[in-house]
Novice: 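Dropping the structure in here first, questions after.
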Amino acid sequence: MPTLSQPLENAVSLRFAPLACALILAACGGSQPGSEGATNGAEEQVLNVYNWSDYVADDTIANFEAATGIKVNYDVYAENETLETKLVAGGSGYDVVFPSARPFAQRQIRTGLYAQLDKAQLPNLQHLDPDIMEGLTDMDADNAHVVPYMWGTTGLGINVERVTAALGADAPLDSWGLLFDPANASKLASCGIHVLDDEQEAFSAALIWLGQDPNAATPEAIAAVQEVYAAIRPHIRTFNNAEYKDALANGDVCLVMGYSGDIGQVRDVVAEAAESTGRPAPDIRYVIPKEGAVRWMDVIAIPKDARHPGNAHAFINYLMEPEVIADISNHVAYANANLAATDLVDPEIAADPGVYPSEEVRERLVDPALVADDQQRQRVRAWTGIKSGR
Ligand code: N2P
């Protein structure tokens, strides 16, 4: 398989510029949450946002700034744990954050890390899907602290030509076995495998492959997961939640465990770049494996110690504008929770089964669950060992 051409690589790197910023914040103007800006009444016109990388449209922040006069300091992260560490330490300076609902926001609400939302300042709540809102009430009574943002699944991102070149035409593209069966992983090692550095997702994926409860955290389940990864560890190049996108787009790897929309973004970037060079686009595919997958939801919240809660409410309300959130879904290839935005989502995205899985596939999706603190600690310890090959 020829490597991608220089112009294509450049186009890919350009498109993922915000991703690079996630890694080198300082070089991209990512500031420590500051307090510059004019004041308006009691609250200065500043908002400090901390979000996942590549999780808004190119113009979302600029449009909000233009509409409100509020200056946004926008930083990004790639792991829930990074956000959680800052929240727990306190004094993060962030006014709006985007944790995954389960088990992260669930735990963070319990430990009192978030402010209660003032719904009078959030009239656009009326647009949100009542079923999704209801589904969050077991972890957030009365939807008092978090607003659903985007949801997706965790599955496999595949460069189809390169994987079938390595494994043959009958490669199990629809199965976690592509990654977890050492017979496959060993043959894919040279074209490259990346796995998410996401203990929650990576543990559940291995347990699903084993046919076990994806949220199990017993010593036996942890040992079983360790065994799964030990068998393929020599074939995994790295564990990461952001660089894998560039790696898949550039042809540095042929198989990744990844978040659904991230793979959709890679597919779109590669297709656009190929179009501009007149070369055929590689077939980059997102697969929800037949054995099942985790469905996650990311939510928006205001840390308890936020210094700009009024601006935070204005931003959250802005993100619930149907046009704004539809534009974000169109850009990041994740499904949103806004019913009024449904008709505004690009037909291509709306029809993408990787973004909106069919009823039949949805039956195989599972939600992450909060496990006991000591079990969680054991899982995290085991995950650290898995990554380092111990
Ligand atoms: C955005 C990835 C967010 C998905 N790049 C993880 N919940």
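Throughout, numbering of the chain's residues begins at 1 and tracks the sequence. All ligand and atom numbering here is 1-based and tracks the order in the structure.
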Novice: Out of Thr154, Asp367, Thr153, which residue meets the side chain to side chain donor-acceptor pair (under 3.5 Å) rule with Arg295?
Specialist: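 Between Arg295 and the candidates, side chain to side chain donor-acceptor pair (under 3.5 Å) is satisfied uniquely by Asp367.
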Novice: For Tyr334, run the ring-ring contact (aromatic ring centres under 6.0 Å, His included) check against Trp151, Trp296, Tyr259 and tell me which one passes.
Specialist: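 Considering Trp151, Trp296, Tyr259, a ring-ring contact (aromatic ring centres under 6.0 Å, His included) with Tyr334 is found only for Trp296.
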Novice: Between Tyr50 and Phe98, is the ring centre distance below 6.0 Å?
Specialist: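 Centroid distance Tyr50-Phe98: not below 6.0 Å, so no.
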Novice: Hey, looking at atom 4 (C) of ligand 1, which of Trp296, Trp151, Tyr149 has the closest heavy atom?
Specialist: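 Going through Trp296, Trp151, Tyr149 one by one, Trp296 has the nearest heavy atom to atom 4 (C) of ligand 1.
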Novice: N/O of Tyr55 under 3.5 Å from N/O of ligand 1, yes or no?
Specialist: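 For ligand 1, there is no N or O atom that lies under 3.5 Å from one belonging to Tyr55.
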Novice: Check this for me - ligand 1, Tyr334, N or O atoms closer than 3.5 angstrom, yes or no?
Specialist: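 No, since none of the N or O atoms of Tyr334 sits under 3.5 Å from an N or O of ligand 1.
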Novice: Which atoms from ligand 1 have a heavy atom of Ser100 less than 4.0 Å away?
Specialist: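 Close to Ser100: 7 (N).
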Novice: Quick one: is the NZ or CZ of Arg107 closer than 6.0 Å to the six-membered ring centre of Phe104, and within 45° of its axis?
Specialist: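 Relative to the ring axis of Phe104, which defines the angle, Arg107 lies inside both limits.
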Novice: Between Arg279 and Glu275, does any side-chain N to carboxylate O distance fall below 4.0 Å?
Specialist: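 Judged by the 4.0 Å cut-off on N to carboxylate O distance, Arg279 and Glu275 do not form a salt bridge.
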Novice: Quick one: nearest non-hydrogen protein atom to atom 5 (N) of ligand 1, plus distance?
Specialist: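 Here the closest protein heavy atom is Ser53 O, 2.8 Å.
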Novice: Do ligand 1 and Lys245 have nitrogen or oxygen atoms that lie under 3.5 Å from each other?
Specialist: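 Looking only at distances, the answer is no, because the N/O contact criterion of under 3.5 Å is not met.
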Novice: Measure the distance from atom 7 (N) of ligand 1 to every protein heavy atom, then report the residue, atom name and distance (to 0.1 Å) of the closest one.
Specialist: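 For atom 7 (N) of ligand 1, the nearest protein heavy atom is Asp298 OD2, 2.8 Å.
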Novice: Under 4.0 Å from any heavy atom of Asp262, which atoms of ligand 1 are there?
Specialist: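 Near Asp262, the atoms of ligand 1 are 1 (C), 2 (C), 5 (N).
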Novice: With ring centroids as reference points, do Tyr149 and Trp52 lie under 6.0 angstrom apart?
Specialist: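 Ring-ring flag for Tyr149/Trp52: false, centres at least 6.0 Å apart.
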